Amino acid sequence: MTEIRLHDTLAREKRVFEPADPKRVTLYVCGPTVYNRAHIGNARPAVVFDVLARLLRHIYGEASLAYARNVTDIDDRIIEAARSEGVDPSAIAERYERHYLEDMGALGVSPPEIAPHATHNVAEMVAMIARLIETGNAYEADGHVLFNVPSDPDYGALGRRDRDSMIAGARVEVASYKKDPADFVLWKPSPDDMIGWDSPWGRGRPGWHIECSAMIEAHLGETIDIHGGGLDLIFPHHENEIAQSRCAHGGAPLARYWVHNGFLSMAGSEKMSKSLGNVVTVGELLEQGHKGEILRLALLSAHYRQPLEWSENLIFSEGQRLTRWYRAYEVLLGRGAWDEEAFPPHDLVIRSLVDDLNTPGALSVISTLLDMAFSLRGHESEVDDAPAMADLRRAIAAAKLLGFLSVEPTVWFRGANEDNRIEALVTARSEAKRQRDFAEADRIRAALAAEGIMLEDGPEGTIWRRA
Ligand SMILES: [Zn+2]
């Protein structure tokens with residue numbers, strides 16, 4: 001079986017991935033808090049872990065993955081939004097969960113096997129909190145239940161921060177009822193006019209961190225194979241998840257591998273975040289006419305652990321790359337359809353993916369292979385070089401595994417007549433150059449320039465852009 005290597009945040013190195021049970025590989029990723037539209041930075045973990053899930057299903061078998069991505073449908077920001085609109089919190093949560101699923105669907109993200117909702121798992125959270133009180137790791141104070149951080153000597157191993165920076169970084173509320181400033185909330189009281197659940201500590205609602213620990217236990221088990229999320233969740237969220245679960249489970253670790261994706265920033269600015277106001281939502285990008293598959297390609301163009309700088313240029317260049325893939329697909333289909341089962345994803349692409357999800361490597365292998373398709377055009381007799389054709393078909397299969405080429409080329413290019421015309425001229429110019437008819441090549445370049453279309457010749461061929 002192909003070996004996957006993943007960078008484990010806890011071990012701080014790449015490790016060979018060995019699931020506890022290859023017949024049931026467990027993956028949990030912290031999902032959305034559904035109170036507004038997802039921005040493109042929120043989409044990065046959804047797309048990255050969708051690729052990891054696809055790779056795990058490919059290697060261990062479709063039915064062998066249990067991937068859970070939760071929906072935080074109770075949260076103070078949801079309550080706030082509901083109050084300002086004068087509606088029930090569930091109306092806000094349902095609306096934005098629907099948007100989230102539509103937006104992620106447009107980016108080719110397959111629904112995970114399990115999508116647990118916080119409001120459906122409150123009993124499990126209450127049970128886990130009760131256990132933490134029993135073990136001496138949590139205490140009740142002033143209607144709240146708090147996790148006592150000093151009760152867990154191993155607290156902080158994931159982020160390896162010192163205690164002062166953890167307290168400062170968590171911006172934890174300094175409340176008089178806390179035994180220690182680092183203690184965090186497991187349960188908080190709800191006034192009568194606010195959404196709440198009955199508990200041994202009075203009517204209230206859960207804190208955010210306990211949600212993930214309780215749902216992982218309920219849906220996947222005490223120790224899972226992979227826990228994923230954005231880098232910004234390491235502290236305090238994942239540190240707190242680890243502490244809660246380990247203390248509730250007699251020391252059993254929460255996850256055997258921790259995988260975190262890097263930040264997304266807008267070109268020329270800092271990390272994209274709502275508080276900085278430099279946010280572009282997935283919905284806005286789709287409304288501007290950007291195709292979801294191009295946005296997906298842009299999100300996977302950098303390695304998942306690296307920062308990704310988002311820009312119009314990135315969308316443009318990835319759009320050109322995807323256009324070339326679809327052109328190649330069209331050329332191949334032009335030679336007749338094939339049995340897709342007989343052509344599994346190309347080994348070179350899989351080899352990149354299993355190396356800590358090296359998507360830039362995988363995408364460039366696909367591009368290199370598919371560029372060979374263009375040499376098939378107009379050379380009917382030389383077509384049936386069987387190994388080359390197999391490579392091309394397997395490159396198509398690899399692109400599909402990664403969530404690309406999801407429609408027929410005819411569908412993709414529908415409405416793209418203008419682009420087609422330009423593509424045809426660019427191709428005609430390349431052909432003229434190949435035949436050393438430089439006068440014709442220059443004529444086409446000048447004609448396109450007059451329309452504001454600029455050409456750039458590179459080792460991968462010619463790309464064009466509107467000036
Ligand atoms: Zn979580």
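Both counts, for ligands and for their atoms, begin at 1 and track the order of listing. Positions are given from 1 along the sequence. Please read these numbers as outputs of a predicted model, since none were measured by experiment.
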| request: Work out the angle at the Zn ion (ligand 1) between NE2 of His237 and SG of Cys212, rounded to 10°. | output: 110°
| Using a distance-only test with no angle check, is there a side-chain donor-acceptor pair under 3.5 angstrom linking Asn70 and His219? | no
| message | Please list all pairs meeting side-chain hydrogen bond (donor to acceptor under 3.5 Å, both in side chains) that have one or both residues in residues 401-410, counting only residues at least two apart or in different chains. | response | Glu293-Ser406
| field | Positive for side chain to side chain contact (heavy atoms under 4.5 Å, CB included) with Phe316, one of Glu318, Gln320, Glu312 | value | Gln320
| message | So that I can check it, does any N, O or S atom in His238 come closer than 2.8 Å to the Zn ion (ligand 1)? | response | no
| task | Round to 10° and report the angle made at the Zn ion (ligand 1) by SG of Cys30 and OE2 of Glu241. | result | 110°
| Is Gln288 atom CD crowded by more than 12 heavy atoms from other residues, nucleotides or ligands, each under 6.0 Å away? | yes
